[in-house]
4 protein chains.
Amino acid sequence: MSDVLSKLNDILGERKNNADPESSYVASLHKKGLNKILEKVGEESVEVIIAAKDAERSGDNSDVIYETADLWFHSLVMLSHLGEDSGAILKELARRFDLSGLEEKENRSK
Amino acid sequence: MSDVLSKLNDILGERKNNADPESSYVASLHKKGLNKILEKVGEESVEVIIAAKDAERSGDNSDVIYETADLWFHSLVMLSHLGEDSGAILKELARRFDLSGLEEKENRSK
Amino acid sequence: MSDVLSKLNDILGERKNNADPESSYVASLHKKGLNKILEKVGEESVEVIIAAKDAERSGDNSDVIYETADLWFHSLVMLSHLGEDSGAILKELARRFDLSGLEEKENRSK
Amino acid sequence: MSDVLSKLNDILGERKNNADPESSYVASLHKKGLNKILEKVGEESVEVIIAAKDAERSGDNSDVIYETADLWFHSLVMLSHLGEDSGAILKELARRFDLSGLEEKENRSK
């Protein structure tokens, strides 16, 4: 699974630059612009929260997995819209946790 | 960068099961419970949205990268709290985009 | 304007109990259930935040007023779904600010 | 209760213009700026959603009332920061529901 995000970067870049907004959901989001993409990021985060509360009660995690994938996907579309990709996020997570070593070094500024 | 999420799964599992809530931020979140973790997911999604609006204006993506890493991180803590990890998200993204092939098959149900 | 919320309580109660979900948006939300209503509360809060960032830049507050009205409206539908109305919110705000007096007494617990 | 929002407008205006950020929570929010105020609006909306899910399960509405009051309060601070007050929201709600008449006329554009 380790190269899923890398392949997804390629797909998102291709959809942003070459796809038809009539047939590609990703291209249609770029055409609608940043506000629409951010509305989707916000909606999906709320759906994650609601699904997690339901999973807490039911013990069934399938919806929360589905909604978290939606949240990550739309945050990747947002990054793509701004000229970034998942590499920047993984690099920041690696820096924060010093993933060459063993210690938790969050270096959290807040 | 492809194994950052895999290494992070190991760290998050170790922090959940063995770390001291006094010294580990991750362990402290698990101790406070799901509602506190979901509040953090919500807060970080709002900070992503605000940072993206500022990036749109300034052209500087550093804050939006930092905040998106925070959002992914807290969503991973949530998944860990529910007994899942990033593998479930990558599997769902791979399924959705048929990453063995070339076509965008989102199979979106909504 | 002081009785708008009071009149709205009456309308929301009537729509909840007697209206046809086919023709009334409020009745359709109640039929879809709490999760759908909460998704709308979340969506509207994100639209408020985006509209406020745009207002900061443009100086035009019309969208942020529209979206805040949407947020308040959907939070009132949520309260109605749970058997409450705006009276409970106004009572809590009055208690918090001691609106019989002049001092700010927020008594905030967090 | 009908004049609570009107009195709160006066308090919020006074706090914005004359209060010391060291002693007034409202003045401290204005000093920190719009982004901080919007983070609070986002946080409170998430706390409303979590509290509503817990209320659905427990039947106890006290937390959801408390958190909705917090959400309305912080949205009023946001409006004050942008030079508006609750009158603009009530006017928009009255327009939308034609509160001089009996019919639900939402005139929703989306």
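First the proteins, then the strands, lettered A, B, ... as listed; each starts at 1.
- Of the listed residues (D:Ala52, D:Ala55, D:Gly42), the one with the most heavy-atom contacts under 4.5 Å to chain C is D:Ala52.
- Within the model, atoms OG of C:Ser62 and CD of D:Glu84 stand 9.0 Å from one another, a figure rounded to the nearest 0.5 Å.
- When the salt bridge (Lys or Arg N to Asp or Glu O under 4.0 Å) test is applied to D:Lys32, no partner is found at least two apart in sequence or on another chain.
- Interface remark: of the candidates D:Gly59, D:Ser86, D:Ser75, D:Ser75 forms the most heavy-atom pairs closer than 4.5 Å to chain C.
- Using a 4.5 Å cut-off between heavy atoms, C:Leu71 touches chain D through its side chain atoms alone.
- Heavy atoms of C:Asn35 lying under 4.5 Å from chain D belong exclusively to its side chain.
- In this structure, D:Trp72 and C:Trp72 have parallel ring planes: the angle between them is below the 30° cut-off, well short of the 60° mark.
- Atom-to-atom distance recorded for C:Asp70:CG and D:Leu93:CG is 8.5 Å, nearest 0.5 angstrom.
- To the nearest 0.5 Å, atom CD1 of residue C:Ile65 and atom CG of residue D:Asp85 are 9.0 Å apart.
- The structure places CG of D:Leu38 at 7.0 Å from NZ of C:Lys53, a figure rounded to the nearest 0.5 Å.
- No side-chain heavy atom of D:Asn61 sits less than 4.5 Å from a side-chain heavy atom of C:Leu79.
- Neither the backbone nor the side chain of D:Ile50 has a heavy atom closer than 4.5 Å to any heavy atom of chain C.
- One distance of note links CD1 of C:Ile49 with CG of D:Leu34; it measures 10.0 Å at 0.5 Å rounding.
- For C:Leu12, no part lies near chain D; criterion is any non-hydrogen pair under 4.5 Å.
- When each of C:Leu5, C:Leu8, C:Asp3 is tested with D:Leu90 by the rule side-chain contact (heavy atoms from CB on, under 4.5 Å), just one qualifies, namely C:Leu5.
- The shortest non-hydrogen separation linking C:Ile89 to D:Ala69 is CG2-CA, 3.9 Å.
- Residues meeting the side chain to side chain donor-acceptor pair (under 3.5 Å) test with C:Asp63, sequence neighbours left out: none.
- In this structure, C:Met78 and D:Thr68 have side chains that are in contact, with non-hydrogen atoms separated by less than 4.5 Å.
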